[in-house]
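Beneath this line is the structure, given in structure tokens, with notes to follow.
Just the heavy atoms: all of them, side chains too, but no hydrogens, waters or symmetry mates, feed the values below.
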Amino acid sequence: MIPQEERAVTAILAKIKAMKLKLTLITMAFLPALCFAQNADKNAVAQPHAKAMTSTDSLMVKQMYFTALREKTIENTTLAADLFTRILQIDANNDAAMYELANLKKITKDEATAQQLLERATTLKPDNEWYWVALASSYEKSNNIIKLENVFTQLIRLNGDNADYYIDKANALSIDKKYDEALETYDELEKITGPTDDLLLKRQKIYLMQGKVDKATAGLKAAIAANPNQVKYYLMLGEVYNSNGFVDDALATFQKAEKIEPQNGYVHLELADMYRNKKSYEASYNQLKLAFAIPELGVDQKLRIIMAYVPQFPDPNAKASALELSRIVTVAHPTEARAFALYGDMLVQNQYYKDAKAQYQKSLAINDQVYVVHEQLVRIEIGDNDIDAAIKDGENALSLFPNQAWMNYLVGVAWMQKKNYNKGLGYVKNATSLEVQDKELLSQSYSAVGDCYHELKNDKLSDEAYDKSLSYNPDNAYTLNNYAYYLSVRGVELDKAEQMSKHSNELQPSTASFEDTYAWILFKQKKYAEAKVWMEKALVNDKDHNAVQVEHYGDIMFYLGKVEAAVENWKKAKAYGGQSSVLERKINEKKYIE
């Protein structure tokens, strides 16, 4: 047979599960059992009237308690809370159920109820350390500093060897501006732990809150007297002096530290700050260089300092300083990939691209899992026209990071430079499918798609790609120029071509290739006088003696009736390496030939 009390618990469980009442409704049902009457002291909690417990009640409560714990363990917190609540309806003084229910209330963010339950539990069992710890957490959340002070007093009473309780109590007293009491608490703690650097710093902090700089420095001076070769105390003292306006004293203290331990990077950083504040910039920079050369000073801090120079770019002094410091870091940390990557970045900022390439390669040799370094390397190789290296390194990067749209675009451009338009098309189309947000990349990628299709003689798909490029960026000057030129070569949509070419010249004035395109479109529109003006602009801005532009100029001169000038320019174009299929005929026949 099932014992009577077990049947009762089972029935209660079934009833709770069947009803599925909201916790707020359940709480209302038994609220009188948990109400705490207030006496004259509003913070005091009166004892509730608990009914006498029968032996059956006690057995039922015990069984229900362990059932609730089991439900809590399997994270059925709602049922567990209901059971602990039922226990308190039967046994209003069950402190263990109060504690468990309070913890469940915290989970549901009902901090007020949790706090009430814990206050009642600590009243019933004032020697239970865990109840006080939980109550401390509640008071911290509600920022009840006054009550928090008493909680830590109780915890120290129960476990006087726990240093954290003294520290927490002193913190609460400090927040409440009871500075002398906080100092007394640290004195009590020192009797247990002995003098420590942590206590020294905590006392110093309170003295500074009180405005007692002399007392804050006195403890540090005593530490220095007892440990004259311990640089950390000089650093602490110097920082106190500096933060409180005693700049000369701070500088003298840091200088003493430098003499004691010249290989201490933190000392050099402090001196660098001091000299910078005094506007002794060269001395400050020299201290930074000394600090950066010390391997024991962490690389992260060094990299942050270098990055602080970036907002000052393009100031040449800032760029030069960042460059030299980043070089020093690579010497001090030869196995740190980030150091070489940053050195590469600073070389790029100073336009030392080949040197930057070597640093990126060193960085990747140490750690090839940083995508941006791969991208920087490939960009430099394309810019340096080292196309084979760009393809090799770019495809290697894509083997590690296949879904990087920019890298697909860069490798595609590299293959286009090799005139392998089918392969290039594959990569730039990948870029368009991988990217949905970066409009600049999408515009560039579709422009490259247009270039590939043009070279593959598919004008329809080429035009569609150029239109797509301009839909993402109507001011893409490269697309505007190429699209306009190819339309003019085909002799179609010349008005559209003229508008696009004109806009490209507005975006990038004095660009010879853009001016040549505009002149050629005007020529196609039979606007020869205007074409002459723009072609002469192109020739002025052309630094490479472009044969095509010179030949076009000859064509324009022919239609202006200046045949001799036309022939002269056609001959000049031939001398510049012009390979037009009709150039020789133009010269020989002295007339324009399509």
Taking D459's backbone N and O only, do any of them form a donor-acceptor pair with S462's side chain (distance below 3.5 Å, no angle check)? no
salt_bridge(E324, R327) N-O dist < 4.0 Å: yes
Whether the Q376 and Y360 side chains hold a donor-acceptor pair (N or O, under 3.5 Å, no angle test) is what I'd like checked. yes
Flag if over 12 foreign heavy atoms under 6.0 Å of NZ, K524: yes
4.5 Å side-chain heavy-atom contact, Y518 and E498: yes
Give me the atom names and distance for the closest heavy-atom approach of A332 to A293. CB-O, 4.0 Å
Taking only Lys NZ, Arg NE, NH1 and NH2, and the carboxylate oxygens of Asp or Glu, determine whether E536 and K532 approach each other closer than 4.0 Å. yes
Distance in Å, N242 CG paired with N277 CG, rounded so as to fall on 0.5 Å steps: 6.5 Å
Here the pair of heavy atoms bringing I380 nearest to Y353 is CG2-O, 3.7 Å
Hey, does the side chain of Y371 reach the backbone of M407 with a donor-acceptor pair shorter than 3.5 angstrom? yes
Distance-only, no hydrogens or angles: does the N588 side chain make a donor-acceptor pair with backbone N or O of E584 under 3.5 Å? yes
Dump the intermediate steps for side-chain contact (heavy atoms from CB on, under 4.5 Å) on H268 and L288, then the final yes or no. CA-CA 6 Å; H268 292 299; L288 276 182; over 6 Å; no
Do N505 and E515 pair up side chain to side chain, a donor and an acceptor below 3.5 Å, judged on atom types alone? no
Can you check whether V548's main-chain N or O pairs, donor with acceptor, with N546's side chain at less than 3.5 Å? yes
Is atom CD of Q369 surrounded by more than 12 heavy atoms (other residues, nucleotides or ligands) closer than 6.0 Å? yes
Verify, without hydrogens or angle tests, whether N264 (side chain) and Y266 (backbone) share a donor-acceptor contact under 3.5 angstrom. yes
Are V267 and E258 close enough that some pair of their side-chain heavy atoms sits under 4.5 Å apart? yes
Using 0.5 Å steps for rounding, measure from the OG atom of S326 to the CD1 atom of I305. 13.0 Å
Worked check of side-chain contact (heavy atoms from CB on, under 4.5 Å) between K423 and K418: CA-CA 10 Å; K423 209 154 192 176; K418 297 279 286 185; over 6 Å; no
Heavy-atom side-chain contact between L377 and E381 under 4.5 Å: yes
Please table the atom pairs, donor to acceptor, closer than 3.5 Å between any side-chain atom in residues 308-316 and protein atoms at least two apart or in another chain.
residue, atom, partner, partner atom, Å
D315, OD2, N317, N, 3.3
D315, OD2, A318, N, 2.9

Checking salt bridge (charged side-chain N to carboxylate O under 4.0 Å, His left out) for the pair D467/K496: CA distance, chi angles, key distance, verdict? CA-CA 12 Å; D467 284 329; K496 178 179 179 179; 3.2 Å; yes
Between N482 and Y478, a side-chain donor and acceptor under 3.5 Å: yes
W534 side chain reached by D516 side chain, heavy atoms, under 4.5 Å: no
For atom OH of Y352, decide whether the heavy atoms of other residues, nucleotides or ligands shown that lie under 6.0 angstrom number more than 12. no
Any donor-acceptor pair under 3.5 Å from S399 side chain to N396 backbone: yes
Of all heavy-atom pairs linking A405 and L441, the shortest is CB-CD2, 3.5 Å
Let me confirm one number: the CD-CD1 distance from E551 to I587, rounded to the nearest 0.5 Å. 8.5 Å
Which pair of heavy atoms, one from R338 and one from D300, lies closest together, and at what distance? NH1-OD1, 2.6 Å
Is any side-chain heavy atom of D273 closer than 4.5 Å to a side-chain heavy atom of L269? no
So does A565 get a backbone contact from the side chain of N569, meaning a donor-acceptor N/O pair under 3.5 Å? yes
S363 (side chain) donor-acceptor with Q359 (main chain) under 3.5 angstrom: no
Does the ring centre of Y466 sit less than 6.0 Å away from the ring centre of Y446? no
Between the main-chain N or O of A477 and the side-chain N or O of N481, is there a donor-acceptor pair closer than 3.5 Å? no
Just by distance, with hydrogens left out, do D368 and H374 show a side-chain donor and acceptor under 3.5 Å apart? no
Short question: side chain of T432, backbone of K429 - any donor-acceptor pair under 3.5 Å? yes
Once salt bridge (Lys or Arg N to Asp or Glu O under 4.0 Å) is applied, do any residues pair with K289, and if so which ones, sequence neighbours excluded? none
Can you check side-chain contact (heavy atoms from CB on, under 4.5 Å) on E395 and I391, steps first, answer last? CA-CA 6 Å; E395 291 186 338; I391 291 172; 3.9 Å; yes
Given the rule in the side-chain contact (heavy atoms from CB on, under 4.5 Å) test, do K591 and K586 qualify, once you have shown the distances and angles that lead to the verdict? CA-CA 5 Å; K591 67 179 181 179; K586 288 179 182 178; over 6 Å; no
Do Q525 and S488 come close enough that some side-chain heavy atom pair is under 4.5 Å? no
I'd like to check M500 versus L487 (side-chain heavy atoms, cut-off strictly below 4.5 Å). Are they in contact? yes
OH (Y472) and OG (S447) are apart, to the nearest 0.5 Å, by 14.0 Å
So, for V428 and G412, which heavy atoms are closest and what is the spacing to 0.1 Å? CG1-CA, 4.0 Å
Nearest 0.5 Å, what's the CG-CD distance between L235 and E261? 8.5 Å
Closest non-hydrogen contact found for K105 with A114 is CB-CB, 3.9 Å
When you compare the side chain of E455 with that of D451, does any pair of heavy atoms fall below 4.5 Å? no
Excluding sequence neighbours, so at least two apart, what forms side chain to side chain donor-acceptor pair (under 3.5 Å) with E435? none
Cationic N near anionic O, under 4.0 Å, E464 to K468: no
Would you check if the distance from the ring center of F523 to the ring center of H552 is below 6.0 Å? no
